[in-house]
A.B. asks: 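If you scroll down you'll find the structure; I have some questions about it.
Here the structure is a predicted model, which is why all the values come from computation and not from measurement. In each ligand, atom 1 is the first atom listed, and ligand 1 is the first ligand listed.
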Amino acid sequence: MGFPRHRPRRLRRTPALRGLVRETDLAPRHLIAPLFVKEGVRDPVPIDSMPGQLQHTLDSLRKEANEIASRGVPAFMLFGIPARKDEEGSEAWNPQGIAQRALRVLRQELGDDHVVIADLCLDEYTSHGHCGVLDDEGNVDNDRTLERYRRIALAQAEAGADLVGPSGMMDGQVGQIRDALDASGFERVGILAYAAKFASSLYGPFRDAAECAPRFGDRTGYQMDPPNADEAIREIRADIEEGADVVMVKPALPYLDVVRRAKDETRFPLAAYNVSGEYAMVKAAAQNGWIDGRRATLEILTSIRRAGADLILTYHAKEAADWLAGA
Ligand code: PBG
């Protein structure tokens, strides 16, 4: 019997050898931490379905952002939860609205050393919970919604956002927002486009966190149908043509094939959103002792990088940064 000539196990023998031939790196600099800020609460409110995550006050937001920043995480995605919702979602563009106030706090606190991104959508702000304004039949009216998105972009730019992140999946949203920003002298403000956002079952915990579950119907009329990958690439290309600076695939894990194709076919800066349901599954299983939460998290985040994402939005950002530092 001939002995094997090829012995891949040689390079697996020690941590040093494995490190030497490691193909994918994962570091705090690849992470973006989503944060929630809620209007009208005195203390931060824990989110039951997202262990470790909170609806912040302005004060606790400031502290948490500093904690995360000190671990080498370079960027934040901010979601506001207003005290008052209406049909139109008008708090979304109120200069004194909670999201704009929080943007100013973060800008002031972090200066230009960190990147502050504002989620740009209406579902947290509308009484019906949809991502746009409704027509007489209760459907989301695409073009009237775009007018609102333009206003939100300006309010967020004025409050100091480096990037705005349109997440409503309205047709033409990136072009309209780019146009509104440029027309008001905000050429420097960029767009991180939720370009391929799927109608996923994995947003449930986020809808608790952001108090934005639709009161009726669902989002299948605007978010993408999960089986479609070619269409995702078309959406991504369209957003790049309309002026996106970074494009995103969301959720991450069930769509790693889309992440890989998006990177290969566009070579554009690419983010993936490791969403609330993905986070909740890991936390629930780890709390039960069914998986090792730390190993599972780092394996998952590495897989998203390996699939081709430059950046990962993840609720694990703070703990992952600690683990990566060997804490
Ligand atoms: C919409 C928005 C959602 C998420 C981010 N932006 C919810 C939705 O589309 O229903 C989900 C993020 C997550 O699940 O972590 N503004």
Side-chain angles (χ1 to χ4, degrees), residues 31-38 47-55 76-82 85 89 91-93 97-99 102 117-133 140 145 148-149 152-153 156 161 163-170 173 177 191-226 235 247-255 271-284 297 300-301 304 309 311-317:
L31 307 178
I32 300 175
L35 291 173
F36 301 99
V37 60
K38 185 171 159 82
I47 303 159
D48 290 343
S49 52
M50 299 176 71
Q53 303 298 308
L54 304 160
Q55 294 175 319
F76 300 91
M77 172 71 86
L78 188 68
F79 296 93
I81 308 149
K85 301 181 192 242
E91 278 299 294
W93 58 85
I98 186 65
I117 312 170
D119 181 79
L120 194 168
C121 201
L122 278 170
D123 56 331
E124 298 92 345
Y125 300 92
T126 51
S127 42
H128 44 74
H130 279 286
C131 296
V133 284
V140 172
T145 298
R148 309 310 191 277
Y149 285 4
I152 303 172
Q156 294 175 336
L163 303 173
V164 298
S167 64
M169 290 300 281
M170 294 302 122
Q173 62 185 10
I177 289 167
I191 300 174
L192 183 159
Y194 290 65
K197 176 174 178 180
F198 289 87
S200 174
S201 59
L202 297 171
Y203 305 149
F206 174 95
R207 291 177 190 173
D208 297 339
E211 303 174 6
C212 66
R215 288 285 158 79
F216 59 87
D218 56 33
R219 305 208 203 290
T220 51
Y222 39 103
Q223 298 179 349
M224 283 190 58
D225 200 22
E235 285 275 11
V247 288
M248 182 152 72
V249 174
K250 176 185 174 182
L253 296 182
Y255 302 94
Y273 200 142
N274 177 220
V275 300
S276 59
E278 297 174 315
Y279 177 83
M281 289 194 287
V282 170
K283 289 293 172 192
T297 298
I300 283 169
L301 296 177
I304 300 170
L311 299 167
I312 307 169
L313 279 89
T314 180
Y315 305 98
H316 295 291

A.B. asks: Strictly distance-based, threshold 3.5 Å: is any side-chain N or O of Q156 a donor or acceptor partner for the main-chain N or O of A153?
C.D. replies: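 It does not hold such a pair.
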A.B. asks: What are the two closest heavy atoms between P214 and R207, and how far apart are they?
C.D. replies: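 Taking P214 first and R207 second, the nearest heavy atoms are CD-NH1, 4.1 Å.
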A.B. asks: Relative to the heavy atoms of C121, which atoms of ligand 1 are at a distance of less than 4.0 Å?
C.D. replies: 16 (N)
A.B. asks: Considering the heavy atoms of D119, write down every atom of ligand 1 situated less than 4.0 Å from one of them.
C.D. replies: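 What qualifies from ligand 1 is 6 (N), 16 (N).
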A.B. asks: Between ligand 1 and E124, can you find any atom pair, the residue atom being a heavy atom, that is separated by under 4.0 Å?
C.D. replies: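 E124: in contact with ligand 1 (<4.0 Å).
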A.B. asks: I need the atoms of ligand 1 closer than 4.0 Å to a non-hydrogen atom of Q223, numbered in the order shown.
C.D. replies: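 So the answer, numbered in order with elements, is 8 (C), 9 (O).
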A.B. asks: Closer than 3.5 angstrom, by distance alone: can the side chain of Q53 be matched with the main-chain N or O of Y315 as a donor-acceptor pair?
C.D. replies: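 Side chain of Q53 to backbone of Y315, a donor-acceptor pair under 3.5 Å: yes, one is there.
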A.B. asks: With a cut-off of 4.0 Å, which atoms of ligand 1 are near a heavy atom of Y315?
C.D. replies: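 Those of ligand 1 that fall under 4.0 Å from Y315 are 12 (C), 13 (C), 15 (O).
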A.B. asks: Cation over ring, K197 on Y203, under 6.0 Å and within 45°?
C.D. replies: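 That pair qualifies as a cation-pi contact.
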A.B. asks: Is the contact between D123 and ligand 1 made by the side chain, the backbone, both, or neither, using heavy atoms and a 4.0 Å cut-off?
C.D. replies: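 Within the 4.0 Å criterion, D123 contacts ligand 1 through side-chain atoms alone.
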A.B. asks: Taking the side chain as everything from C-beta on, heavy atoms only, tell me whether C121 gets closer than 4.5 Å to F79.
C.D. replies: no
A.B. asks: Name the residue from T314, L313, L163 that meets the side-chain contact (heavy atoms from CB on, under 4.5 Å) definition with I32.
C.D. replies: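 Checked T314, L313, L163 against I32; only one passes side-chain contact (heavy atoms from CB on, under 4.5 Å): L313.
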A.B. asks: Write out the residue and atom name of the closest protein heavy atom to atom 14 (O) of ligand 1, then the distance separating them to 0.1 Å.
C.D. replies: S276 OG, 2.7 Å
A.B. asks: For ligand 1, which atoms, with element, lie under 4.0 Å from some heavy atom of K250?
C.D. replies: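 Near K250, meaning under 4.0 Å from one of its heavy atoms, ligand 1 has 2 (C), 3 (C), 4 (C), 5 (C), 6 (N), 11 (C), 12 (C).
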A.B. asks: What residue and heavy atom of the protein are closest to atom 2 (C) of ligand 1, and at what distance?
C.D. replies: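 Here the nearest protein heavy atom works out to K197 NZ, 3.2 Å.
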A.B. asks: Can you find a pair of side-chain heavy atoms, one from M169 and one from C131, that are under 4.5 Å apart?
C.D. replies: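 A side-chain contact under 4.5 Å is absent here.
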A.B. asks: Could you list which atoms of ligand 1 come closer than 4.0 Å to a heavy atom of Y273?
C.D. replies: 12 (C), 15 (O)
